[in-house]
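Starting from 1, each residue takes its place in the sequence as its number.
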Amino acid sequence: MSDRFRLTLGQLNPTAGDLTGNAALARDAWQAGRDAGAQMVALPELFLTGHDAQGLSQSPAFQRDVLAQLEALAAHCADGPALALGAPWVAAGKLHNAYLILQGGKIAHRVLQHAPRPRAAFDPAPISGPYAVAGLRIGSPIGADGETGDVAETQAETGAELLLIPHAAPHLRGAMERRLNHMVARVIETELPVIHLNMTGGEGETVFDGATFALNPGGKLALQMPAFDTAFAHVDLERGPKGWRIVESAFAPQPEVLERDYRALVLGLRNYVAKTGASKVLIEQAEGNDTALAAAIARDALGAENVRQIDVPLSDNLHAALRDELAALGAEVSAETLTPPLRGLMLRAMADDAGEMLLTAQNKSAAAMGTVAVSGDFNPVKDLYQTEVQALCDWRSKTVRAWMQGPAPSPTPDTEEARAEDAILHILLEDGGNVDDCVAAGHAPQSAQRLAGRIAAAKARNGPAVPGPRLKAATA
């Protein structure tokens, strides 16, 4: 029995529902591991389907296609390292979140998620035991199973010598620290080395941030992969008197808080554009930090040559003609009322004519208070309050990174009024508070009542929201 084991980790970016494309990525990863002399190649949770394909996963036809792809992958990877990847799995009429180990031309081992998150599409399952690859016994708590100790401890007690935790963990503020704390806890509980293998890439409003890492017993970091990038790592494990240990390797620097948010916005927009089949975007040329930041994000995501900004002049003749037409129908409408929908209509026509995606640039504060904005296809600043937009504008204007592709924005300083508004909005929107809570926090009663009224009015008349990258956990 060998005292050395090489594991190739694929921190990759699948596309929801694209079984053929994701299987091709898996084959490429397997080949990279084979070329590196690995005994196993591991990919993240639900890799074959993409994490946000859970709705599709309930279709019997899709389930059959998943099984066919798994069997084809197993046949392709018969001569070489084992391939481990996540996919939905049907057993006894139940749909499970599974981690499947393809080896020797077949699906050799199957791990089922024990406790899916609330409202997940999957059914719970008994705790799966460890599986063996080239003499190494591996336990794989899947996704949320790695956040509590039950599954990891059971797998350790039944012989696991390594914990490999496949995940599709999104970027949310504070999530990386929580993730690390969970994995340290698993190390302490089991006294085993732990690898947290994460997905990267944007899918809809969710951005998976990668940043795969490994810990040895005692909690010492042995590997840190980059955040927000696709990457491979060939990880060596060695068996010594105290069991298996991960040989220390690369330590990619991790971005600070503002940069993590900005990288998530850039990756979210880039992948939303690419995965919907577009390549270019149109954004209105307008004053203010929202447009400045959205345009900077678009240029960094797509390249300046793929971003078009245009001012939309509305002539007095057009306003007058429309007012006359409406007056003939008995409606008295001001130019101020007509301007936003007319701008949106003209921008939409120009974007559709050029085959471009139309971007909205509106912060969370303005949206919550019912400010009218162009209704586009994607809003890169959707989950940022107005003061957060200003802070990111300021950071981007002072920062240079190799991945940045466009000129920096020129931020407009925020005001005391904006800071007070955002503080009240945070209590009302994020904390689920009311006017009394705002007053108790030291805010003026009139301001809190005014903003609460605007939020209520906006909710009553707003239609479906334009999608955008999510940076904070959803609130009830």
Side-chain angles (χ1 to χ4, degrees), residues 11 147 167-184 196 198-202 205-213 215 221 223-231 251-271 289-290 292-301 361 363-365 368 379-406 408-414 418-427 429-431 468-475:
Q11 179 179 287
E147 296 174 3
H167 209 168
H171 166 72
L172 297 171
R173 289 181 186 162
M176 189 62 197
E177 291 77 12
R178 292 190 293 273
R179 211 177 295 164
L180 180 60
N181 290 338
H182 288 145
M183 295 307 107
V184 169
H196 182 273
N198 197 23
M199 190 180 287
T200 191
E205 293 193 315
T206 304
V207 181
F208 303 101
D209 59 3
T212 294
F213 62 93
L215 303 171
L221 192 67
L223 167 75
Q224 178 65 71
M225 293 176 70
F228 302 103
D229 291 328
T230 59
F251 296 93
Q254 297 298 293
E256 297 296 333
V257 174
L258 284 176
E259 185 166 355
R260 288 189 79 89
D261 276 356
Y262 191 82
R263 289 290 304 275
L265 298 175
V266 168
L267 183 58
L269 175 59
R270 179 185 298 137
N271 284 176
N289 287 336
D290 287 357
L293 182 61
I297 291 167
R299 289 190 293 263
D300 287 338
N363 67 66
K364 190 171 186 175
S365 308
N379 180 3
V381 300
K382 175 184 178 178
D383 208 18
L384 295 169
Y385 289 100
Q386 57 191 326
T387 50
E388 294 172 336
V389 169
Q390 195 281 331
L392 273 183
C393 265
D394 187 60
W395 174 85
R396 177 62 181 84
S397 71
K398 299 173 181 176
T399 305
V400 176
R401 296 285 187 270
W403 48 265
M404 293 176 174
Q405 301 188 66
S410 299
T412 302
D414 61 19
R419 291 190 288 274
E421 285 181 346
D422 278 4
I424 293 171
L425 290 170
H426 195 281
I427 293 171
L429 298 175
E430 308 295 331
D431 300 339
R470 190 164 57 243
L471 302 177
K472 310 176 188 76
T475 54

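From Glu147, atom CD reaches atom CE of Met183 across 7.0 Å, with rounding to the nearest 0.5 Å. In this structure, CD in Glu388 is found 4.0 Å from NZ in Lys472, a value given to the nearest 0.5 Å.
Here the side chain of Gln11 pairs a donor or acceptor atom with the backbone of Thr212 at under 3.5 angstrom. For the pair Asp394 (side chain) and Gln390 (backbone), a donor-acceptor distance under 3.5 Å is absent. Remark: side-chain polar atoms of Gln224 are not paired, donor with acceptor, to backbone N or O of Pro253 under 3.5 angstrom. Asn198 places a side-chain N or O within 3.5 Å of a backbone atom of Ala169 that can act as its donor or acceptor partner.
Checked options Arg179, His182, His167; the residue passing with His196 is His167 (criterion: side-chain hydrogen bond (donor to acceptor under 3.5 Å, both in side chains)). Checking each of Leu384, Leu172, Val381 against Leu471 for a side chain to side chain contact (heavy atoms under 4.5 Å, CB included) leaves exactly one that passes, namely Leu384. Each of Arg173, Arg470, Arg396 was scored for a salt bridge (Lys or Arg N to Asp or Glu O under 4.0 Å) with Asp261, with one residue passing: Arg173.
Lys364 pairs by the side-chain hydrogen bond (donor to acceptor under 3.5 Å, both in side chains) definition with Asp383, Glu430, not counting sequence neighbours. Annotation: salt bridge (Lys or Arg N to Asp or Glu O under 4.0 Å) contacts of Asp422 (sequence neighbours excluded): none. Take Gln405 and apply the side-chain hydrogen bond (donor to acceptor under 3.5 Å, both in side chains) test, not counting sequence neighbours, and it matches no residue.
Using cut-offs of 30° and 60° on the angle between ring planes, the pair Phe228 and His171 is perpendicular.
Taking 4.0 Å as the cut-off between side-chain N and carboxylate O, Asp229 and Arg263 count as a salt-bridged pair.
The side-chain heavy atoms of Thr399 and Tyr262, taken from C-beta on, include no pair separated by under 4.5 Å.
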